[in-house]
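Residue numbers start from 1 in every chain, and the chains themselves are labelled A, B, ... in the order their sequence lines are given, proteins ahead of strands.
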Protein chains: 2
Amino acid sequence: MSSVTTTLHDTATRMRAEDRRELILEAATAVFGERGYVGATTDAVARAAGVSQPYVVRMFGTKEALFLEVLHRAIARLMGTFRAALADTTPGPDGTVEHPAARIGRAYADMLSNRGLLLSMMHAFVLGADPVIGKAARTCFLDVYRFLRVEAGFSKEEADVFLAHGMMMNTMVGLRMADEYEDGNPCAIDLLEAAMPHKLDLLLNANAESAPTS
Amino acid sequence: MSSVTTTLHDTATRMRAEDRRELILEAATAVFGERGYVGATTDAVARAAGVSQPYVVRMFGTKEALFLEVLHRAIARLMGTFRAALADTTPGPDGTVEHPAARIGRAYADMLSNRGLLLSMMHAFVLGADPVIGKAARTCFLDVYRFLRVEAGFSKEEADVFLAHGMMMNTMVGLRMADEYEDGNPCAIDLLEAAMPHKLDLLLNANAESAPTS
DNA sequence: TGCACATGTAATCATTCGATAACTTCTTAG
DNA sequence: CTAAGAAGTTATCGAATGATTACATGTGCA
């Protein structure tokens with residue numbers, strides 16, 4: 001068995017650094033989302049990515065640099081998804097094209113399944129007091145706001161309502177409120193129906209996905 | 001000088017444990033709000049409260065127990081403020097009584113000055129994966145939702161909109177977005193005007209308050 | 001072929017942090 | 001006045017963690 005394990009391990013190693021980097025960033029997004037910046041350990045990221053802890057540190061320099069890259073990639077992916085939704089003007093089954101706000105809102109709901117991505121952002125958003133992470137988080141949030149106002153043409157009020165509901169949904173994800181829903185807690189069911197109209201299935205699917213442990 | 005310092009120190013010590021407990025909880029609320037549950041250290045709480053680190057640990061048992069008490073006190077204070085606003089039916093200067101939602105919304109805005117209180121809650125809200133803190137955080141959030149629906153008579157949609165904007169404002173506080181506002185960042189000014197209509201002064205006042213450092 | 005570089009790992013270090021133990025000092029009831 | 005308990009500290013420990021160093025191994029190219 002040992003030889004089999006060793007063989008499997010050997011065949012799995014020796015990846016191009018660029019690809020390994022992606023694997024680690026993917027794992028780090030999940031771990032940071034689950035435990036937050038301080039609570040996540042470079043060792044947990046390494047094990048989730050299947051590499052050794054020193055390799056993670058050496059590839060990104062510091063844990064802070066790794067988190068910043070996770071944050072920037074999360075925002076980049078969010079904005080990429082938004083831009084694609086904004087540009088997608090193919091008519092629906094009824095022949096009409098949805099309003100831009102509706103298309104972007106749907107795109108956001110689709111991202112609910114990527115818990116690590118949204119929660120890595122949220123963890124950054126509550127670390128404004130950190131001189132490095134706080135500054136980066138403010139810049140990222142303002143980038144999203146600017147996109148909504150300038151590129152998507154949202155009014156102040158539209159952008160406010162959109163972002164507010166986004167923060168609300170992120171909070172539901174962060175709280176793992178779907179756990180209470182699945183436990184049959186009637187108040188939680190009521191709350192989630194209120195907060196995630198037509199999007200509950202997406203949240204529950206996200207909840208079903210496994211998260212890296214230990 | 002040493003004797004003076006010693007004297008001052010001596011006169012400041014020897015408080016009733018109950019009062020000292022309040023001091024520590026107040027300090028812990030600020031520290032947890034600024035650094036989060038994992039990032040906050042019992043030593044930072046102790047120094048902010050003017051006591052030794054082992055005293056903090058022994059009084060509350062564990063850091064986790066201290067955080068849970070901070071969280072529950074924050075929610076209790078929030079709900080107490082909401083209940084007072086709901087019960088306060090004194091007419092305004094124009095002789096009319098505000099709608100309950102407007103009164104509670106104003107009460108929430110008044111709490112923006114207590115950054116530690118709101119952010120300790122927010123940090124708990126993104127730790128849903130923690131078996132102890134996550135469970136407590138879900139229960140607290142559901143208590144607030146139940147209050148809005150049952151006691152304040154909010155509809156599902158009203159509660160959703162209220163909570164969503166609450167999460168949005170908390171995020172602005174967590175991001176220290178007022179720093180960008182004060183730096184004159186036009187996008188930040190636009191965002192804060194959108195997110196905090198008629199409440200910007202309260203956020204900026206909160207920003208002016210000093211936070212415990214080191 | 002063989003060497004130079006890229007891809008990793010094992011071992012270890014210094015710090016930090018929560019927690020515990022043992023001790024000191026003040027206060028107060030009898 | 002004095003013992004007993006309350007209030008609080010100093011010293012210290014063990015575990016966890018980010019980072020560093022040195023080393024091993026596979027791989028492509030002249």
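Atom pair B:Asp43:CG and D:dT10:P shows a separation of 12 Å (rounding to whole Å applied). Distance A:Phe67 CZ to D:dG18 P: 13 Å, rounded to the nearest Å. Look at CZ on A:Arg21: it is 13 Å from P on C:dG8, rounded to the nearest Å. Rounded to a whole Å, the CG atom of B:Leu66 is 16 Å from the P atom of C:dC17. As a whole-Å value, the separation of B:Met15 CE from C:dT27 P is 13 Å. Across the protein-nucleic acid pair, A:Gln53 atom CD and D:dT17 atom C1' stand 8 Å apart, rounded to whole Å. One atom, CD of B:Glu18, and another, P of D:dA6, lie 14 Å apart when rounded to the nearest Å. Atom-to-atom, CZ of B:Arg16 to P of C:dT25 comes out at 24 Å; the value is rounded to the nearest Å.
Shown here is A:Arg106, whose CZ atom has no more than 12 heavy atoms of other residues, nucleotides or ligands within 6.0 Å.
In the set C:dT20, D:dT9, D:dA19, C:dT20 carries the atom at the smallest distance from any side-chain atom of B:Val57. The side chain of A:Pro54 sits closest to C:dA11 out of D:dG18, C:dA11, C:dG8.
Contacts of A:Ala40 with the nucleic acid, taken as non-hydrogen atoms under 4.0 Å apart, involve only primed sugar atoms and P, OP1 or OP2. Residue B:Ser52 is classed as a base contact, given a heavy-atom separation below 4.0 Å to a base.
Across the interface with DNA chain C, nearest-nucleotide mapping of A:Val51 and B:Glu64 shows A:Val51 to be the residue nearer the 5′ end. Nearest-nucleotide positions on DNA chain D for A:Arg58 and A:Tyr37 put A:Tyr37 closer to the 5' end.
The stretch residues 124-133 of chain B does not touch DNA chain D, since none of its heavy atoms comes less than 4.0 Å from the strand.
Judged by distance alone with a 3.5 Å cut-off, no donor-acceptor contact links the side chain of B:Arg14 to the base of D:dG8. The base of C:dG8 is not paired with the side chain of A:Arg20 by any donor and acceptor separated by under 3.5 Å.
Remark: B:Glu22 engages B:Arg73 in a salt bridge, criterion side-chain N to carboxylate O under 4.0 Å. Electrostatic pairing of A:Arg176 and A:Asp179 does not count as a salt bridge here, judged by no charged N lying under 4.0 Å from a carboxylate O. Classification of A:Glu180 and B:Lys135 as a salt-bridged pair holds, one side-chain N sitting under 4.0 Å from a carboxylate O.
Between A:Tyr55 and C:dT9 there is no side-chain polar atom (N or O) within less than 4.0 angstrom of OP1 or OP2.
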Given B:Asp43 and B:Gln53, is the side-chain hydrogen bond (donor to acceptor under 3.5 Å, both in side chains) satisfied, shown in steps? CA-CA 5 Å; B:Asp43 188 63; B:Gln53 179 262 344; over 6 Å; no
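Aromatic ring pairs are classed by plane angle as parallel below 30°, tilted from 30° to 60° and perpendicular above 60°; the pair A:Phe67 and A:Tyr37 is tilted. By the 30° and 60° cut-offs, the orientation of the rings of B:Phe82 relative to B:Tyr108 is tilted.
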